[in-house]
Amino acid sequence: MASLTSAQADALLDKLSSDDDFRALLLSDPAKALQQIGAPEELAACFAKCKQLAEPETLKNSRAVIQQQLGSTLSANIHDLRAG
């Protein structure tokens, strides 16, 4: 299972509330965006269906609640699908 550390959640929120290029990248290539902040690329599936992001000001105003949610509930189960 992969998850965000508190530092990665902070970096994600910083970028989402201030960096339009990062916001566009998260929508178009979540794995690459997560790589930029040092977060596990496995979490890209959590963002893959996202078509729109909250406005930067909304993210700034809701930061504490979002941080708590990212730190506690954003995770992905990773399965090894390689043939033996």
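Scope of the values below: all heavy atoms of this structure, side chains included, with no hydrogens, waters or symmetry mates.
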Rounded to the nearest 0.5 Å, how far does [atom2] of [Y] lie from [atom1] of [X]?
X: Asp19; Y: Gln36; atom1: CG; atom2: CD; value: 7.5 Å
X: Arg23; Y: Leu59; atom1: CZ; atom2: CG; value: 6.0 Å
X: Ser17; Y: Phe22; atom1: OG; atom2: CZ; value: 10.5 Å
X: Gln52; Y: Leu27; atom1: CD; atom2: CG; value: 8.5 Å

Where is the tightest heavy-atom contact between [X] and [Y], given as atom of each residue plus distance?
X: Ala39; Y: Leu4; value: CB-CD2, 3.5 Å
X: Arg63; Y: Asp10; value: NH2-O, 3.3 Å
X: Leu43; Y: Ser3; value: CD1-C, 3.8 Å
X: Gln8; Y: Ile37; value: O-CD1, 3.8 Å

Within the distance-only criterion (no hydrogens, no angle test), does the side chain of Asp29 pair as donor or acceptor with the backbone N or O of Leu25 below 3.5 angstrom?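 Side chain of Asp29 to backbone of Leu25: no pair is present.
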Glu55, CD atom: more than 12 neighbouring heavy atoms under 6.0 Å: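 For Glu55, atom CD is not crowded (no more than 12 foreign heavy atoms under 6.0 Å).
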Cluster overlap Leu16 with Phe47, hydrophobic side-chain contacts below 4.5 Å: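 Both belong to a single hydrophobic cluster.
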Do Pro40 and Leu34 come close enough that some side-chain heavy atom pair is under 4.5 Å?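 No; the side chains remain at least 4.5 Å from each other.
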